[in-house]
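Please read the structure below before turning to the comments.
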2 protein chains.
Amino acid sequence: MTTPTLDPTDRRILDVLQSDGRISNLDLAAKVGLSPTPCARRVRRLEETGVIRGYGARINPAALGHGVNVIVSVRLVRQNPRDIDEFLRAVKAMPEVTECLLVTGDLDYILRVAAPDVDSLKGFFLDRLKKLPGVSNTTTNLILETVKTTR
Amino acid sequence: MTTPTLDPTDRRILDVLQSDGRISNLDLAAKVGLSPTPCARRVRRLEETGVIRGYGARINPAALGHGVNVIVSVRLVRQNPRDIDEFLRAVKAMPEVTECLLVTGDLDYILRVAAPDVDSLKGFFLDRLKKLPGVSNTTTNLILETVKTTR
DNA sequence: GTTGAAACTTATTAAAC
DNA sequence: GTTTAATAAGTTTCAAC
């Protein structure tokens, strides 16, 4: 990938934009100690080089009806390509699955699952996740609180 | 918490803002089939009621020099308020900690940690995380691939 | 890198329907 | 909820330093 060099000013810009993606260029320039023109140039460059991938609203999951958020650790039985492929395709298609990570360790995939309530989650597990090929073991942790997020 | 009722239009607004947090009110209104005035009113209401928690730039972790991403499961020794409080304060202040979740199960907190390389991660663990009060046990999983993200 | 100014696009508010 | 109009504010582009 292209790896543009980021100087300290770029990093400060990214820092500010990460916590306030809707700040005006004037305020941003003032915060990072730059005049508006070069500040806008830098932001545009960061966007064009893919350092900034986009902007998004941080939405309260509970308000969206995602009252129940869990982390599901999944272990696949056999690591054969066909099963993995089908598992990944299914996971990508499931709207409840908010995130899916391939990790090392004694488990294979970590899923983040959001559902309106426990009943929906039950259906998701029994009717869908557990029926996927290769899924041998799953452990679930209920998320009680999001203490921090910088993403 | 206050749970305002979200009608379909609100949900469409949230949907658009989630993927494009910098869209102008005019474009947003057009996308959700509303005129600009009530659209702006709804967005403002969503912000004030806490449904929209803020806006942020999505930044390429690799560009930031976060080549190594891990998931750290942390277990605290004693669950006394003072320790928990200090632990949380420290975690919030650590820039390497990208996410922190309080969960149920045989562990207490799940952290997402990003570092430039393995050496930095080593320093983070030995000099900082392990020295926090109450941290008894940590297990670490290296993230090999982000298969899916909807957040 | 800086400032300054003009042209263009939005946001915001108010009014009337 | 809608449209329209006016003011204020922000963005972008350009020139000159």
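Chain letters run A, B, ... following the sequence lines, proteins first, then strands; residues in each count from 1.
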With sequence neighbours left out, write down each residue that passes salt bridge (charged side-chain N to carboxylate O under 4.0 Å, His left out) with B:Arg82, or none if nothing qualifies. none
Which atom pairs link the protein and nucleotides 7-13 of chain D when you take only N or O atoms and keep those under 3.5 Å?
residue: D:dT11; atom: OP1; partner: A:Asn25; partner atom: N; Å: 2.7
residue: D:dT11; atom: OP2; partner: A:Asn25; partner atom: N; Å: 3.0
residue: D:dT11; atom: OP2; partner: A:Leu26; partner atom: N; Å: 3.4

Any side chain to side chain donor-acceptor pair (under 3.5 Å) pairs touching residues 140-149 of chain B, not counting sequence neighbours? none
Can you list the steps and then say if A:Leu101 with B:Arg112 is a side-chain contact (heavy atoms from CB on, under 4.5 Å)? CA-CA 12 Å; A:Leu101 304 172; B:Arg112 179 108 172 227; 3.6 Å; yes
Could you check which residues of residues 28-35 of chain A get a heavy atom under 4.0 Å from DNA chain C? Sort them by number, please. A:Leu34, A:Ser35
A quick test of your reading: do over 12 heavy atoms of other residues, nucleotides or ligands sit less than 6.0 Å from CZ of A:Arg44? no
Between A:Lys31 and A:Asp15, does at least one N-O distance fall below 4.0 Å, as a salt bridge requires? no
Side chain to side chain donor-acceptor pair (under 3.5 Å) with B:Arg58: which residues, sequence neighbours excluded? none
Outermost contacting nts on DNA chain C, any atom under 4.0 Å from chain B heavy atoms, listed 5' then 3', are C:dT10 to C:dA11
Flag side-chain contact, heavy atom, 4.5 Å: B:Val74 against B:Val91: no
With a 4.5 Å heavy-atom cut-off, do A:Tyr109 and A:Val135 have their side chains touching? no
A:Asn25 side chain to A:Pro36 main-chain N or O, any donor-acceptor pair under 3.5 Å? yes
Are the side chain of B:Thr104 and the backbone of A:Leu142 linked by a donor-acceptor contact shorter than 3.5 Å? yes
